[in-house]
Amino acid sequence: HGMSLDQVRAEISMVDAAIIRLIAKRQELADQVAEIKKREGFSIHHEKRVAEVLETVSRDAEKSGIDPAAVQKIFGILIAMSEERQRGRS
C-alpha cells in the first residue's frame with residue numbers, strides 16, 4: 001500500500017541529516033552575527049530579536065499544522081546555542 005517501515009525510517013533519517021545541516025548553517029550565521037555585534041558594540045542577547053524570531057516561528061508552525069509551543073521550545077534551544085557560540089567568539 002505504501003512504504004515499508006524501514007523505508008519510512010530511512011526517509012526520516014535523511015530529514016534528520018538535513019536538519020543537522022541546517023542547524024550547522026544557522027550556527028555559521030551566528031558566527032557572522034557575533035563578528036558584526038562585536039564590531040558595532042552590540043550585546044549578544046537581544047530580547048526584541050528573540051521575541052520576533054519566536055513569534056515568526058510560532059506563526060509558521062501554525063500555518064504548517066505543527067504545535068507552535070513545541071516549535072518555540074526548539075527555537076529557544078537554537079537561539080541559546082547561537083548566543084552561546086557568539087559568546088565564545090566575542
Side-chain angles (χ1 to χ4, degrees):
H1 173 67
M3 292 192 290
S4 72
L5 181 59
D6 286 343
Q7 288 170 318
V8 174
R9 286 181 173 162
E11 288 250 349
I12 289 172
S13 292
M14 289 171 45
V15 170
D16 290 347
I19 290 169
I20 295 298
R21 286 192 301 275
L22 289 170
I23 291 170
K25 176 65 176 173
R26 194 179 200 287
Q27 291 292 90
E28 290 170 16
L29 293 168
D31 292 346
Q32 293 178 36
V33 168
E35 294 301 318
I36 294 165
K37 285 179 175 179
K38 184 177 178 182
R39 185 173 65 235
E40 298 184 8
F42 296 131
S43 67
I44 297 299
H45 185 73
H46 188 258
E47 195 65 44
K48 185 172 183 247
R49 174 65 182 151
V50 171
E52 289 170 356
V53 169
L54 294 178
E55 183 180 321
T56 299
V57 299
S58 178
R59 193 169 47 247
D60 290 348
E62 285 183 35
K63 289 178 190 170
S64 296
I66 56 178
D67 180 6
V71 170
Q72 281 191 330
K73 287 179 187 174
I74 292 165
F75 273 82
I77 292 167
L78 292 173
I79 290 166
M81 287 172 63
S82 292
E83 289 181 350
E84 186 62 32
R85 188 166 174 132
Q86 289 175 36
R87 282 186 195 93
R89 296 184 64 87
S90 57

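All values reported here derive from a predicted model rather than from experimental measurement.
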### Query
Hey, are the side chains of E11 and V8 touching, using non-hydrogen atoms and a 4.5 Å cut-off?
no

### Message
Could you check whether any side-chain heavy atom of I74 comes within less than 4.5 Å of a side-chain heavy atom of V57, counting everything from C-beta outward?
### Response
no

### Query
Should L5 and I12 be regarded as members of a common hydrophobic cluster, given that ILVMFWY residues are connected when their side-chain heavy atoms come within less than 4.5 Å of each other, either directly or indirectly?
no

### Task
Report yes if the side chains of K38 and I44 come closer than 4.5 Å at any heavy-atom pair, otherwise no.
no

### Message
I'd like to know if L29 and I77 are part of one continuous hydrophobic network [Ile/Leu/Val/Met/Phe/Trp/Tyr, side-chain heavy atoms within less than 4.5 Å].
### Response
no

### Summary
Smallest heavy-atom separation, V50 atom then E83 atom, equals CG2-OE2, 3.9 Å

### Summary
For S82 and R26, the nearest pair of non-hydrogen atoms, with its separation, is OG-NH1, 3.0 Å

### Message
Return the CD1 to CE distance between I19 and M14, rounded to the nearest 0.5 Å.
### Response
12.5 Å

#### Entry: L78 with V15, same ILVMFWY side-chain cluster at under 4.5 Å
yes

### Query
Do E52 and R49 come within less than 4.5 Å of each other through their side chains, counting heavy atoms only?
yes

### Pairwise distance OG1(T56) to CD(Q72) - rounded to 0.5 angstrom
10.0 Å

### Query
What heavy-atom pair brings E62 and P68 nearest, and what distance separates the two atoms?
CG-CG, 3.6 Å

### Message
Would a single hydrophobic cluster contain both F42 and V33, if residues Ile, Leu, Val, Met, Phe, Trp and Tyr are joined by side-chain heavy-atom contacts under 4.5 Å?
### Response
no

#### Entry: Nearest-0.5 Å distance, CD1 of residue I79 to NE2 of residue H46
12.5 Å

### Task
Decide if atom CZ of R9 counts as having more than 12 heavy atoms of other residues, nucleotides or ligands within a radius under 6.0 Å.
no

#### Entry: hydrophobic_cluster_shared for I23 and V71, side chain cutoff 4.5 Å
yes

### Message
Using every non-hydrogen atom in the two residues, find where Q86 and A30 come nearest and quote the distance to one decimal.
### Response
CG-O, 3.4 Å

### Message
For a salt bridge (charged side-chain N to carboxylate O under 4.0 Å, His left out) check, start with the C-alpha distance between E35 and R39, then their side-chain angles and the critical distance, and finish with the verdict.
### Response
CA-CA 6 Å; E35 294 301 318; R39 185 173 65 235; over 6 Å; no

